[in-house]
Amino acid sequence: MQYHKAVKQHGLTLSSRRFVFIYRFQERNQSHRSNLEEKMVQGRKMKMILLLILQIVMAATAANVTYDHRALVIDGKRKVLISGSIHYPRSTPEMWPDLIQKSKDGGLDVIETYVFWSGHEPEKNKYYFEGRYDLVKFVKLVEEAGLYVHLRIGPYVCAEWNYGGFPVWLHFVPGIKFRTDNEPFKEEMQRFTTKIVDLMKQEKLYASQGGPIILSQIENEYGNIDSAYGAAAKSYIKWSASMALSLDTGVPWNMCQQADAPDPMINTCNGFYCDQFTPNSNNKPKMWTENWSGWFLGFGDPSPYRPVQDLAFAVARFYQRGGTFQNYYMYHGGTNFDRTSGGPLISTSYDYDAPIDEYGLLRQPKWGHLRDLHKAIKLCEDALIATDPTITSLGSNLEAAVYKTSSGSCAAFLANVGTKSDATVTFNGKSYHLPAWSVSILPDCKNVAFNTAKINSATESTAFTRQSLKPDGGSSAELGSQWSYIKEPTGISKSDAFLKPGLLEQINTTADKSDYLWYSLRMDIKGDETFLDEGSKAVLHIESLGQVVYAFINGKLAGSGHGKQKISLDIPINLVAGKNTIDLLSVTVGLANYGAFFDLVGAGITGPVTLKSAKGGSSIDLASQQWTYQVGLKGEDSGLATVESSEWVSKSPLPTKQPLIWYKTTFDAPSGSEPVAIDFTGTGKGIAWVNGQSIGRYWPTSIAGNGGCTDSCDYRGSYRANKCLKNCGKPSQTLYHVPRSWLKPSGNTLVLFEEMGGDPTQISFGTKQTGSNLCLTVSQSHPPPVDTWTSDSKISNRTRTMPVLTLQCPVSTQVISSIKFASFGTPKGTCGSFTSGSCNSSRSLSLVQKACIGSRSCNIEVSTRVFGEPCRGVVKSLAVEASCS
Ligand code: GAL
């Protein structure tokens, strides 16, 4: 990487020096020669020199990327690479440099991103590459940081992105069938892929041109679902491969989860573990394109998290078993702004429990423990790239992999894949402690630089500080009076409404121009009908494909429901004699993004819809009636979120807890520079805009189910998406990210469209702070910090062989102000609830206080030399909880 960067800088200096030289050459000669011929000769010479310069610069900067059985090969050298996904539209350009720098500091070599077709071509042939979709800028920023890029063009991307990344207009191309051997689809896929490749080439962003892109992906996980597409799947994949290759990027292509990926496409693995994966040819390296660092959140679901010990275990196992390229999906997950979240029911937050959280703050100890892991793996690089591992058993569930080169380098990985018992193994005559479900990395085949279950990085708390929404200008007026509102009409109000017999599928009707589709019916009830029986109600039965339905009878909300694929509602209703209106509002919450034929799953009220008399007996089919349809809302058409309107009403009292209202207020930005979120508690469901920018769908009343949560998830044993859950029984998402760069100090506008009814005056702001509390437990059996790692022969300082507890306040202006807990011995509990065990050195607290208070960071050797011997024959730990201020 350093080399790559240095060569690039050298290339630039070289070209500017040459430029000076040419300029002088031209001046001198001009005074002596004047005729045309001479000028032409001179021109030719100039051209040749320029060409030469270009060749020199190109040769100096272009990298030759190939691959072989062991690894990607860059400029003739095999590389061990660590990669992480950051999806550029899930953060802002203002956040990108910091996210990339934090990735680099965390030990990444490569940033992996999908390319989001729906964002880049929202309408056919109308391209957009600005703002959060400025792909070129993103790639260049990664390049400036000295990192590589893996560009996953897809253009199907899945990614919990609306419609899997496909623009919805694609669905309306005549004769189209997605992701199969279908001419109209292939034509569009080729057009977009070519557009992206051409753009990258034009900006010289492929490594073959001196840029950072070392790898591109075509399609995405098609092998998971291709059987549903029959024989056409085979020819489609062959076509995809040759189409991609014909674009001549000069760097390799990969296909993920595609066992039959044709040569020379590299087939790569996705999953929670990929150590058992082998590519489909011995000439291809073992690569892992998606190691899920956590999992995505859905509205109505609890929050998944993946313990870092298990994530590190999966990574170490992969490199132990011959892998040389691994990518965290996600390294920074970010936010599904606007209506970009996939479906059904993907939340607005795409935090993913990634090493960098949604707001761009480090998630500790996840980020730190992985950084240490990356350092340990890089210490093994020479041995790793030289050879295949020799794998031997050290006992049941115990395995050693040794990479030994002819020149004498040796690296070893020792694994305990058992889920219950720790083990002590003997390897090369030395004894090693291996906790269950862990890997130790020995870059010299002797000393442990890292163990996946022994964390040397402190847990850092993060906290939201609430500030109530301060009215603009600091006025002391009641908040409610600062809000204005516009009522969205119930039912049909727009002139483009239309009549159709029967029930229409929603995506085909709205083309996803809006989340909202009104289905409206007027019906006459004669006085003698059973639906009007005294004391009993009629029942409206509705079936919908999703995701939310509100039923209004004669203008009043009578019932609602939501669901992922199928909603079935029985709503008791009161009808009147004469004219009645049934207005059904169907709302999508992200279009499906995964599975065979996900594009045809559909949404909306497709029926049956019936009216039953409560006493049983009669039932009328409403589905086949003549319905009136309205795509979208009146307020959407008038642009209430973005343009001024004289219709806003500021009269008190503010109507609250009523469905279908637009709200607006102005506010001051929370002070400071910390990331900002709006807490929507008190509201129901809707979409929100800050200064005209959509911050996404909010839905704090969507509550996670009660089952499956655990406070302390055992990292040992195979991870699954629902293994470790928190937040059961609570709202899935109350906090919604507002990027700082979208805010001005004062005079900011917040607009909401509230569907179900809520009280916007309860909205508050939070700023997210990091790290006032630090916790860490380091045992005597922990390896010393990886930063101090030196192989046996070079050890001069005894302390380097000792474990060390290191604390550092994350903010540079902070110092450690108090030690809330310290015990060397057998401390118990976890952060926030540490207690001393039966064995405890009486010097613990005073020693830690002395070493740490008043400094930003401190290092304490975890040994009896420092703390004395509180109990013989026991492996002791030092547990500390400290505060920074
Ligand atoms: C994979 C897919 C990704 C993402 C992930 C789950 O199957 O390739 O795009 O959807 O699952 O987060």
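Start at 1 and go down the list; that is how both ligands and their atoms are numbered. This chain uses plain numbering: 1 for the first residue, then up along the sequence.
- Residues satisfying the side-chain hydrogen bond (donor to acceptor under 3.5 Å, both in side chains) test with Lys768, not counting sequence neighbours, are Asp357.
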Inventory of protein N or O atoms under 3.5 Å from ligand 1 N or O:
{"unit_1": "ligand 1", "atom_1": "7 (O)", "unit_2": "Glu221", "atom_2": "OE1", "d": "2.3"}
{"unit_1": "ligand 1", "atom_1": "7 (O)", "unit_2": "Glu221", "atom_2": "OE2", "d": "2.8"}
{"unit_1": "ligand 1", "atom_1": "8 (O)", "unit_2": "Tyr114", "atom_2": "OH", "d": "3.2"}
{"unit_1": "ligand 1", "atom_1": "8 (O)", "unit_2": "Asn220", "atom_2": "ND2", "d": "3.0"}
{"unit_1": "ligand 1", "atom_1": "8 (O)", "unit_2": "Glu221", "atom_2": "OE1", "d": "3.3"}
{"unit_1": "ligand 1", "atom_1": "8 (O)", "unit_2": "Glu221", "atom_2": "OE2", "d": "3.3"}
{"unit_1": "ligand 1", "atom_1": "8 (O)", "unit_2": "Glu290", "atom_2": "OE1", "d": "3.3"}
{"unit_1": "ligand 1", "atom_1": "8 (O)", "unit_2": "Glu290", "atom_2": "OE2", "d": "2.8"}
{"unit_1": "ligand 1", "atom_1": "9 (O)", "unit_2": "Tyr114", "atom_2": "OH", "d": "2.7"}
{"unit_1": "ligand 1", "atom_1": "9 (O)", "unit_2": "Val157", "atom_2": "O", "d": "3.0"}
{"unit_1": "ligand 1", "atom_1": "9 (O)", "unit_2": "Ala159", "atom_2": "N", "d": "2.7"}
{"unit_1": "ligand 1", "atom_1": "10 (O)", "unit_2": "Ala159", "atom_2": "N", "d": "3.2"}
{"unit_1": "ligand 1", "atom_1": "10 (O)", "unit_2": "Glu160", "atom_2": "OE1", "d": "3.4"}
{"unit_1": "ligand 1", "atom_1": "10 (O)", "unit_2": "Glu160", "atom_2": "OE2", "d": "2.6"}
{"unit_1": "ligand 1", "atom_1": "12 (O)", "unit_2": "Glu160", "atom_2": "OE1", "d": "2.6"}
{"unit_1": "ligand 1", "atom_1": "12 (O)", "unit_2": "Glu160", "atom_2": "OE2", "d": "3.4"}
{"unit_1": "ligand 1", "atom_1": "12 (O)", "unit_2": "Tyr352", "atom_2": "OH", "d": "2.5"}

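- Both tests hold for Arg306 against Tyr273: distance to the six-membered ring centre under 6.0 Å, angle to the ring axis within 45°.
- Residues that satisfy the salt bridge (charged side-chain N to carboxylate O under 4.0 Å, His left out) test with Arg152, not counting sequence neighbours, are Glu112, Glu290.
- Partners of Tyr305 according to the ring pair (Phe, Tyr, Trp, His ring centres under 6.0 Å) rule, which considers only residues two or more places apart in sequence or in another chain, do not exist here.
- Under a cutoff of 6.0 Å and an axis angle of 45°, Lys284 and Tyr67 do not form a cation-pi pair.
- Annotation: side chain of Phe166 is not in contact with side chain of Val157 (no heavy-atom distance under 4.5 Å).
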